[in-house]
Amino acid sequence: MGIFIFSTTWFRKLSSVTFALVLLLGATVSYQPAEAVTYDSQTVQFGPGLGTNVVDSFVSVIDGATNTIDAAFYEIRYQPIVDALIRAKNRGVAIRIMTDTDYINNSFTQQLIAAGINVKGDNRSAIMHNKYAIIDGQKVWMGSANVTDTDNANNYNNTILWESSSLANIYKTDFEEMFVYGQFTKTASPSTPDQLSPPGYN
């Protein structure tokens, strides 16, 4: 049985060719922001996008609400979202919003309160870092993006819009633990669908 041994010269040549190919491929492959992609009843979006950015796309979801919006937002700092929520309130949609106490006094959140929208802060030093909304008990919008101008236009984030009443019910349980009962994280019920049971629920 013969043994093939690479000489130092051949190894250097092979390494040089490999390195050149890596540089060539690296020069021809560039990052392109993605458009929204729909899989069955879920729409996944990465941003900033080539078309509509992730928070801008949420405006049309709010504009499509007919009955209820329950939302938990760490910070609200984007006027188109504020305007869409006020439009929804004015057409009769019942809206409840939970936000972090550190941001409840900013001008954007105060516009919502002045419009008669029910907004609560978490009233604790820990961060209420959720970013989700339940629409009409049928859809859940969620992801890594805060509803702010910087997260919409500059920061890399992702969102997903689920059309699922069962998922909406799970998120509603989580929302009401915070909004109705003032319970967060360790003081709330276990975070598994078969065990979610906030105080007062059987």
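Nothing fancy with the numbering, it's 1 onward along the sequence. Small disclaimer: the values here were computed from a predicted structure and weren't measured.
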Heavy-atom nearest pair, Gly121 first then Ile104, reads N-CD1, 3.4 Å

Item to check | side chain to side chain contact (heavy atoms under 4.5 Å, CB included) between Val147 and Trp141, worked out | outcome: CA-CA 12 Å; Val147 287; Trp141 180 90; 4.2 Å; yes

Within the distance-only criterion (no hydrogens, no angle test), does the side chain of Thr159 pair as donor or acceptor with the backbone N or O of Gly143 below 3.5 angstrom? no

Sorted by chain and number, sequence neighbours left out, ring pair (Phe, Tyr, Trp, His ring centres under 6.0 Å) with Tyr74 holds for Tyr103, His129

The reported gap from CD1 in Ile97 to CG in Leu112 (rounded to nearest 0.5 angstrom) is 5.0 Å

Would Asp63 and Arg91 satisfy side chain to side chain contact (heavy atoms under 4.5 Å, CB included), going step by step from the backbone distance to the final call? CA-CA 10 Å; Asp63 283 336; Arg91 66 175 179 270; 4.3 Å; yes

Show the numbers, then the answer: is there a side chain to side chain contact (heavy atoms under 4.5 Å, CB included) between Glu177 and Met98? CA-CA 11 Å; Glu177 285 175 347; Met98 171 63 62; over 6 Å; no

Tightest non-hydrogen contact, residues Val55 and Ala145, listed as CG2-CB, 4.3 Å

Sequence neighbours excluded, the answer for side chain to side chain contact (heavy atoms under 4.5 Å, CB included) partners of Thr101 is Asp122, Asn123

Looking only at heavy atoms, the pair that brings Ala65 and Val93 closest together is O-CG2, 3.6 Å

CD1 of Ile134 to OG of Ser165, rounded to nearest 0.5 Å, is 12.0 Å

Between Asp70 and Lys172, is there a salt bridge with N-O shorter than 4.0 Å? no

| said: Whether the side chain of Gln138 engages the backbone of Ser164 through a donor-acceptor N/O pair (distance < 3.5 Å, no angle test) should be reported. | reply: no

The reported gap from CD in Glu75 to OG1 in Thr109 (rounded to nearest 0.5 angstrom) is 8.0 Å

Chi angles and distances behind the side chain to side chain contact (heavy atoms under 4.5 Å, CB included) call for Asp174, Ile170:
CA-CA 7 Å; Asp174 179 76; Ile170 293 170; over 6 Å; no

- Message: Treating Asp100 as the side-chain partner and Met128 as the backbone partner, does any N or O pair qualify as donor plus acceptor under 3.5 Å?
- Response: yes

Rounding to 0.5 Å, atoms CD (Gln111) and CD1 (Ile86) come to a distance of 5.5 Å

Tightest non-hydrogen contact, residues Asp136 and Asn67, listed as OD1-N, 2.7 Å

Per ring-ring contact (aromatic ring centres under 6.0 Å, His included), Tyr132 is matched among Phe58, Phe73, Trp162, Tyr171 by Tyr171

Of all heavy-atom pairs linking Ala168 and Val140, the shortest is CA-CG2, 3.5 Å

Taken in chain and number order and not counting sequence neighbours, the residues that satisfy ring pair (Phe, Tyr, Trp, His ring centres under 6.0 Å) with Tyr78 are none

Q) Do Asn53 side-chain atoms and Asp56 backbone N/O form a donor-acceptor pair below 3.5 Å? A) no

Asn157 side chain vs Asn146 backbone, donor-acceptor pair below 3.5 Å = no

Interatomic distance, CD1@Ile69 vs CD1@Ile62, rounded to 0.5 Å, equals 5.5 Å

To the nearest 0.5 Å, atom NZ of Lys120 lies from atom CD1 of Ile113 at 12.0 Å

In short, Arg96 meets Val180 closest at the heavy-atom pair NH1-CG2, 3.9 Å

